[in-house]
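Scroll down for the structure; my scribbles are underneath it.
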Amino acid sequence: NESLDRAATALAYDNKARPTSEKLFSRLSALPWFKESIAELTILDYGAGTGLNSVALCRAGAKRVLSVDPTAGMLGVLETKLATGEFPACSALQMRSTDGSDVLELQGEASFDVVLVTFVLSHVPDAVVHRALENIAKMLKPGGRLVVCDMEQMHSGNGTHGHAHS
């Protein structure tokens, strides 16, 4: 059954990504600008996957969180989490473009105080990554913050290793 396979894949993703997501959120929560203004922040979780960060942001009291991802299966898991009604500040939207132009078109310029980009840029084709960043920047309000955490593929004789940087 295809939906069971997607659910199992998403659950495995959640389990594997949770420690990194928790560490990122812990560091983000320690920043004075974040800690002091979370209740007023509108946040775009760009490349939200199953919504680990989105849910954490909603639990922390963000005013609004929009979670976008191009993968229907991942967003389906997030939508299941949101269907509980526990996170009314959260909503999800499937991106149709790899450069975020459809999100920009729907949301408009200067729509978000914070854009969180977690482990997604490494999946954006090189030919459009600069355009994606330009579109993300346009969605930030004046004085808004861009928070990026991603992986860089490094190859060695023992396989591929990730290196996180932000």
Side-chain angles (χ1 to χ4, degrees), residues 5-39 41-84 86-87 89-95 98-100 103 112-126 128-130 132-133 135-137 139-140 144-166:
D5 288 344
R6 278 192 304 219
T9 299
L11 179 60
Y13 173 85
D14 266 7
N15 289 334
K16 190 171 189 172
R18 185 169 283 109
T20 302
S21 177
E22 289 171 354
K23 188 174 192 176
L24 171 68
F25 189 75
S26 173
R27 289 181 176 178
L28 188 61
S29 297
L31 296 171
W33 65 265
F34 182 85
K35 183 171 33 176
E36 295 165 6
S37 61
I38 184 71
L41 295 178
T42 55
I43 302 170
L44 174 63
D45 187 358
Y46 188 91
T50 61
L52 287 171
N53 293 323
S54 299
V55 167
L57 291 164
C58 287
R59 280 193 178 122
K63 180 178 179 180
R64 174 177 175 239
V65 178
L66 175 62
S67 311
V68 298
D69 198 275
T71 311
M74 295 291 228
L75 273 183
V77 172
L78 173 57
E79 288 169 346
T80 299
K81 293 174 185 177
L82 300 182
T84 65
E86 186 181 346
F87 311 106
C90 265
S91 59
L93 173 70
Q94 184 173 358
M95 283 192 300
T98 55
D99 68 2
V103 178
F112 299 95
D113 300 299
V114 178
V115 177
L116 179 64
V117 183
T118 309
F119 302 117
V120 69
L121 291 178
S122 55
H123 300 286
V124 175
D126 289 344
V128 296
V129 75
H130 287 96
L133 287 168
N135 288 333
I136 289 167
M139 288 185 265
L140 281 169
R145 308 266 184 160
L146 173 61
V147 179
V148 178
C149 182
D150 213 316
M151 297 289 286
E152 179 180 83
Q153 294 289 326
M154 298 184 305
H155 299 280
S156 71
N158 298 328
T160 301
H161 303 280
H163 173 70
H165 54 89
S166 59

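Along the sequence shown, residues carry numbers from 1.
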(request) Could you tell me which residues satisfy side-chain hydrogen bond (donor to acceptor under 3.5 Å, both in side chains) with Ser67, sequence neighbours excluded, listed by chain and number? (result) Ser54
(request) With side chain to side chain contact (heavy atoms under 4.5 Å, CB included) as the test, would you mind laying out the steps for Thr118 and Val147 before giving the verdict? (result) CA-CA 8 Å; Thr118 309; Val147 179; over 6 Å; no
(message) Test: salt bridge (charged side-chain N to carboxylate O under 4.0 Å, His left out). Region: residues 12-21. Which pairs qualify, not counting sequence neighbours?
(response) Asp14-Lys81
(request) Please identify each residue that fulfils side-chain hydrogen bond (donor to acceptor under 3.5 Å, both in side chains) with Asp69, with sequence neighbours left out. (result) Thr71
(message) Looking at every heavy atom in both Ala132 and Val124, which two are closest together, and how far apart are they?
(response) CB-CG1, 4.5 Å
(message) Measuring from atom NE2 of His123 to atom CG of Leu121, what distance do you get when rounded to the nearest 0.5 angstrom?
(response) 9.5 Å
(message) I want to check something: taking the side chain as every heavy atom from C-beta on, are Asn53 and Thr20 in contact at a cut-off of under 4.5 Å?
(response) no
(request) Nearest 0.5 Å please: distance from the CG atom of Leu93 over to the CG atom of Asp45. (result) 12.0 Å
(message) Applying side-chain hydrogen bond (donor to acceptor under 3.5 Å, both in side chains), can you list everything that pairs with Arg64, at least two apart in sequence or on another chain?
(response) Gln107
(request) Measure the spacing between CD of Gln94 and CG of Leu78 and express it to the nearest 0.5 Å. (result) 12.0 Å
(request) Drop me the distance from Leu57's CG to Thr42's OG1, to the nearest 0.5 angstrom. (result) 11.5 Å
(request) Flag the pair Met74 / Thr50 as yes when at least one side-chain heavy-atom distance between them is below 4.5 Å, and no otherwise. (result) yes
(message) Once rounded to the nearest 0.5 Å, what's the spacing between atom CE of Met139 and atom OH of Tyr46?
(response) 6.0 Å
(message) Taking Val128's backbone N and O only, do any of them form a donor-acceptor pair with Asp99's side chain (distance below 3.5 Å, no angle check)?
(response) no
(message) Please check: side-chain N/O of Ser29 versus main-chain N/O of Phe25, any donor-acceptor pairing under 3.5 Å?
(response) yes
(request) Locate the shortest heavy-atom distance separating Gly47 from Val120; write the atom from each residue and the value. (result) CA-CG2, 3.9 Å
(request) For residues Leu66 and Phe112, determine if any side-chain heavy atom of one lies less than 4.5 Å from a side-chain heavy atom of the other. (result) yes
(message) Determine whether a donor-acceptor pair (N or O, by modelled atom type, separation under 3.5 Å) exists between the side chain of Ser37 and the backbone of Trp33.
(response) yes
(message) Suppose we screen for salt bridge (Lys or Arg N to Asp or Glu O under 4.0 Å). Which residues come up paired with Asp113, at least two apart in sequence or across chains?
(response) Lys141
(message) Would Leu82 and Leu75 count as a side chain to side chain contact (heavy atoms under 4.5 Å, CB included) here? Give the steps.
(response) CA-CA 10 Å; Leu82 300 182; Leu75 273 183; over 6 Å; no
(message) Run the side-chain hydrogen bond (donor to acceptor under 3.5 Å, both in side chains) test against Asp126 and tell me which residues pass, sequence neighbours left out.
(response) none
(message) Working to the nearest 0.5 angstrom, can you tell me the gap between Leu140 CG and Asn135 CG?
(response) 11.5 Å
(request) Grab the two heavy atoms, one from Leu24 and one from Cys149, that are nearest each other, plus how far apart they are. (result) CD1-CB, 4.3 Å
